[in-house]
Amino acid sequence: MTRDPARSVRWRVIAVGAILPGAIVIVAALAMLSWLPELPDPVATHWGPGGVDGFGPAWPLMLLPLGIVVIVSGLALGTAWESAVDGAIGWSHKFLLVIGVWLSCFIGVGVAGSLVDQRGLAEAADAPDPGRWLGIGGAAGLVLAAAAWFVLPKARALDDEGVEPEPLEVSASERVFWSRGTRFGWGVLTLIGVVLLVVLGVTTVAAATADGSARFAVAAIAVVIAVVIVAVLATGWWWVTVDWRGLIVRSLIGWPRISIPLDGIRSVRTVRVNPSEFGGWGWRWTPGRRSGIIMRAGEAIEVVRTDGRQFTVTVDDAGTGSAALAGLLARTDQRGA
Amino acid sequence: MLIRIDPASGIPLFEQLAGSIRASAIAGTIAPGERLPSARELAVSLDVNVHTVLHAYRLLRDEGLIELRPGRGAIVTGLPVGGYAALNAAVDEVIREARSSGIPPAALAALIREAYQ
């Protein structure tokens with residue numbers, strides 16, 4: 001039998017990202033469904049310092065773990081998938097995936113536990129506090145998440161040597177300009193959009209039913225969503241420019257703006273990057289003094305600054321951009337010599 | 001999109017700039033619908049007067065290659081269906097021939113300009 005390492009990575013990511021958390025919450029939902037005839041109606045849904053202070057129907061509790069885990073594990077799976085197909089995932093992918101496992105156990109056991117103690121009760125007000133179930137779920141989740149961490153492949157940074165560009169021949173009086181846009185792929189944008197829509201939908205429903213202090217929480221969530229939208233707009237679409245000033249990477253809305261002057265650049269290469277090297281998409285920093293604007297997998301311009309820090313930006317036609325930058329650098333060096 | 005202009009070449013800067021953008025459009029490195037940098041940005045990048053860039057943009061607009069929209073900048077428009085594949089192939093051929101004969105870029109450009117006029 002031939003072993004395909006990328007295929008094994010894919011299967012392990014699916015097992016940890018979908019099968020395990022999915023199985024836990026489905027079992028929890030089925031268990032709760034089987035207890036339905038024995039449960040009081042309504043059931044206790046919230047506990048305060050003085051005992052039960054919230055009541056409601058049982059069915060939303062059965063769907064709650066499913067909904068939360070679909071969102072969290074879906075997000076983890078979505079971000080890790082492109083890298084998993086390439087056969088290597090980064091540490092942040094692993095972290096998100098095992099968070100999904102932990103959460104499924106914590107919420108599945110916690111919510112199901114709050115109901116298991118209510119079987120046979122005539123009055124939901126007598127329901128015991130489910131704190132211990134949350135504790136059991138959280139602890140079991142930690143064990144499962146730790147096991148899942150080792151089931152996943154080792155986090156790997158794909159090291160790519162890259163190619164030195166053939167510098168553009170630039171005469172002493174010549175002016176050179178290269179520019180190109182770079183943005184998130186439609187897949188990533190769709191994923192972000194879907195997650196935002198789901199959160200927005202939940203918030204709207206919550207706002208319609210909330211009162212008092214709950215309204216404040218809903219408003220806080222709405223603010224978070226607005227911040228996320230602005231952050232995506234500001235860091236999801238960039239213009240990359242090479243000219244006499246050096247390398248300039250500017251967000252579509254003008255800010256943030258990363259500017260690396262020619263005399264601050266030691267070398268430039270064209271590389272192929274995988275987002276997992278940077279722990280995902282967006283404006284990323286990694287240990288080892290590397291940072292980058294990572295919009296997708298594939299070709300990128302990478303510069304090493306005079307202080308040793310590296311900066312990488314994924315952009316189409318990176319070869320031409322690197323060649324232009326290398327040409328300008330070579331001319332600066334000649335003038336300095 | 002790569003733009004190269006040289007104030008020492010003797011050809012007016014706006015013409016060089018228009019020529020460089022035209023070449024990018026014909027070679028297919030800028031596509032219809034793509035937005036060109038704003039005149040102000042490009043003027044800073046190329047260290048030329050903003051009127052030089054606007055002059056070049058108006059020239060390209062009059063040729064039907066770009067559209068100038070107030071507030072939205074310059075947008076690449078008029079490329080024929082299928083682009084200029086035959087022309088690009090012919091240009092590659094000419095460059096190959098010039099290389100093998102040791103003719104420098106400036107001399108080849110001058111040859112073409114004279115023959116075309």
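Per chain, numbering begins at 1; letters A, B, ... match sequence-line order.
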TODO: Below 4.5 Å from any heavy atom of chain A, which atoms of B:P7 appear? Answer side chain, backbone, both or neither.
DONE: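 For B:P7, backbone and side chain are both near chain A.
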Using a cut-off of 6.0 Å, state whether more than 12 heavy atoms not belonging to [X] lie near its atom [atom1].
{"X": "A:E166", "atom1": "CD", "result": "no"}
{"X": "A:W237", "atom1": "CH2", "result": "no"}
{"X": "B:R40", "atom1": "CZ", "result": "no"}

Measure the spacing between [atom1] of [X] and [atom2] of [Y] and express it to the nearest 0.5 Å.
{"X": "A:R180", "Y": "B:L2", "atom1": "CZ", "atom2": "CG", "answer": "11.5 Å"}
{"X": "A:F177", "Y": "B:I21", "atom1": "CZ", "atom2": "CD1", "answer": "8.5 Å"}
{"X": "B:R4", "Y": "A:L168", "atom1": "CZ", "atom2": "CG", "answer": "4.0 Å"}

Task: Beyond-backbone contact of B:I3 with A:W178, side-chain heavy atoms, under 4.5 angstrom - done: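 No, every pair of side-chain atoms sits at 4.5 Å or beyond.
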TODO: May I ask you to test the A:R245-B:V44 pair for a side-chain heavy-atom distance under 4.5 Å?
DONE: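 A side-chain contact under 4.5 Å exists here.
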Open item on the list: Please tell me whether B:S45 and A:R175 have a donor and an acceptor in their side chains that are separated by less than 3.5 angstrom.
Closed with: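 Looking only at side-chain atoms, A:R175 and B:S45 do not form any donor-acceptor pair under 3.5 Å.
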Task: Among B:L13, B:V48, B:I5, B:L42, residue most engaged with chain A (heavy-atom pairs, under 4.5 Å) - done: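 Most pairs with chain A among the choices: B:I5.
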